[in-house]
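Written out below as structure tokens is the structure these notes cover.
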2 protein chains.
Amino acid sequence: MTLPGLRERKKQRTRDELTRVALELFTAQGYERTTVDEIVDAVEVSQRTFFRYFSSKEEVAFAVQQMVEERFVDALGQRPPGEGPFDAMRNAVLSAWDTIGDAIIEVVPVELYLRSFQMIESTPALLAVHLRRSTEMEETIAGIIAEREGLDLDADPRPRIAVAAFSGVMRVTGQLWGRGTDQSLEAIRALTEEYLDHLGPALAPSWRDTP
Amino acid sequence: MTLPGLRERKKQRTRDELTRVALELFTAQGYERTTVDEIVDAVEVSQRTFFRYFSSKEEVAFAVQQMVEERFVDALGQRPPGEGPFDAMRNAVLSAWDTIGDAIIEVVPVELYLRSFQMIESTPALLAVHLRRSTEMEETIAGIIAEREGLDLDADPRPRIAVAAFSGVMRVTGQLWGRGTDQSLEAIRALTEEYLDHLGPALAPSWRDTP
DNA sequence: TGTCAATTGTCAGTGACTGTCACTAGCCTC
DNA sequence: GAGGCTAGTGACAGTCACTGACAATTGACA
């Protein structure tokens, strides 16, 4: 466990700076109206360097989101085995939202993360990538669920189905949060809880019995 | 109801040709390895004309998919009002799959459609767009469901939640179909039916009671 | 047939991204 | 602490998707 050398620290600093400046420009003037050249000019590196850190202009927009996702996966892995699959996922998101603020702030201000989340939701090109990334994570989650339940992911469709339904609701939650007025971490946590509780009843044969 | 003039027919022919040639090239040599120039050279129009018909290279890949979606929306609109929301969606997909072959063949061979569906699923850039398009359609569907049930889409989250869960399962179905061996229209119809039937039980508190 | 309007082609330009190669600067050895 | 090694960077040229502007063409229709 040796602390990283100067070279390594410089790299991390460049990467964080590119991330922060990119998100600032994106949220200030829009993703499409921001060129990679603007970003690299502000950080004073060459365009080529930018593309060595991020494989595309899109990727830098998800640098922080990436951390959030890793946190959820960790939380899910730590859920007690007694919990059913759906409760485990539900509790993992909620616990992830509780501790996410600290991790983010090391790279960008929380407020900038919140704004960039909305930018992703409202920029078609980024929304598309966001959704694809989500499905990639669904596959990861389905694997964890299958293992928890001792099931074969390719023989039993239930893990993927449950995760797909769960993620669908999570996505709607994120969308509505972005559109709403209370754009705090607490708000999205509360929405998450509320909407997940609606899922079971929503699948009932008729909604007219249970308003 | 006058039949279209020469100009209109020519336009339709150009558009269909661009679609067919594009899908053929995409499926034969891959989406990314196909340039727009190759497509327009084969059809003998200018690149500028291509971009007047399709706003992007991605869009042409979804020209057929678009028809399928419209068919589903039509089918959903014709479901009897007595059906619950979930049954209406379920039966609309199934009925759509039953009649889709005829509509597609007017533009491209069915077999080419099947291959291009798999290409979309296996090309990250296209998968991303596909998912975004799906969410756009979810919004449409949620509107229809809300109207059927006499609900306010923004006051009651249940339409969006039900549609999100439904679409999640549909997406998994499509993915597994693309990966499987039986790549026929009948196969995806059967998978659709089977997986939708799994959704309710998958949300049960414990899976251990009902294998 | 000639005029109008829709459609297309040409051309020049922007922006994302890649390969190549020379160069700079941490790092490590002696 | 001088010098070689190598990871990381910059400069440059090139490809490809896409756009705006304007000229050329071709159905439509009087």
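So that the names make sense, note that chain A is the first sequence line, chain B the second, and so on, each numbered from 1.
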Under the salt bridge (Lys or Arg N to Asp or Glu O under 4.0 Å) test, residues paired with [X] that sit two or more places apart:
X	result
D197(B)	R90(B)
R13(B)	E17(B)
E8(A)	K11(A)

Specify the separation, in whole Å, of atom [atom1] of [X] and atom [atom2] of [N].
X	N	atom1	atom2	result
D41(B)	dA17(D)	CG	P	12 Å
I39(A)	dC17(C)	CD1	C1'	14 Å
R15(A)	dG8(D)	CZ	P	13 Å
K11(A)	dA25(C)	NZ	P	18 Å
Q12(A)	dG26(C)	CD	C1'	17 Å
E59(B)	dA17(D)	CD	P	15 Å
L126(B)	dA17(D)	CG	P	13 Å
R13(A)	dG8(D)	CZ	P	15 Å

Those residues that, when tested against E121(B), pass side chain to side chain donor-acceptor pair (under 3.5 Å) (two or more places apart):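 Counting only residues at least two positions away or on another chain, E121(B) forms no side chain to side chain donor-acceptor pair (under 3.5 Å).
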Below 4.0 Å: OP1/OP2 of dT8(C) and any side-chain N or O of Y53(B):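 Answer is yes, contact under 4.0 Å.
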Reading 5' to 3' through nucleotides 19-30 of chain D, protein heavy-atom contacts under 4.0 Å coded B for base, S for sugar-phosphate only, - for none: BBB----BBS--
Centroid-centroid under 6.0 Å between W177(B) and F117(B) rings: yes
Within 6.0 angstrom of E139(B) CD, more than 12 heavy atoms from elsewhere: yes
Sorted by number, the residues of residues 19-37 of chain B with heavy-atom contact under 4.0 Å to DNA chain C: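 Result for residues 19-37 of chain B: none.
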T34(A) side chain to E38(A) side chain, donor-acceptor N/O pair below 3.5 angstrom: no
Touch class at under 4.0 angstrom, heavy-atom based, for F50(A) against every strand present: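 Nothing: the residue F50(A), judged by heavy atoms under 4.0 Å, touches no strand.
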Atom pair CD (E149(A)) and CZ (R158(A)), whose distance is rounded to the nearest 0.5 Å: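 Rounded to the nearest 0.5 Å, the CD-CZ separation comes out at 8.0 Å.
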Over-ring placement of K57(A) relative to F50(A), 6.0 Å and 45° cut-offs: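 K57(A) over F50(A) ring: no.
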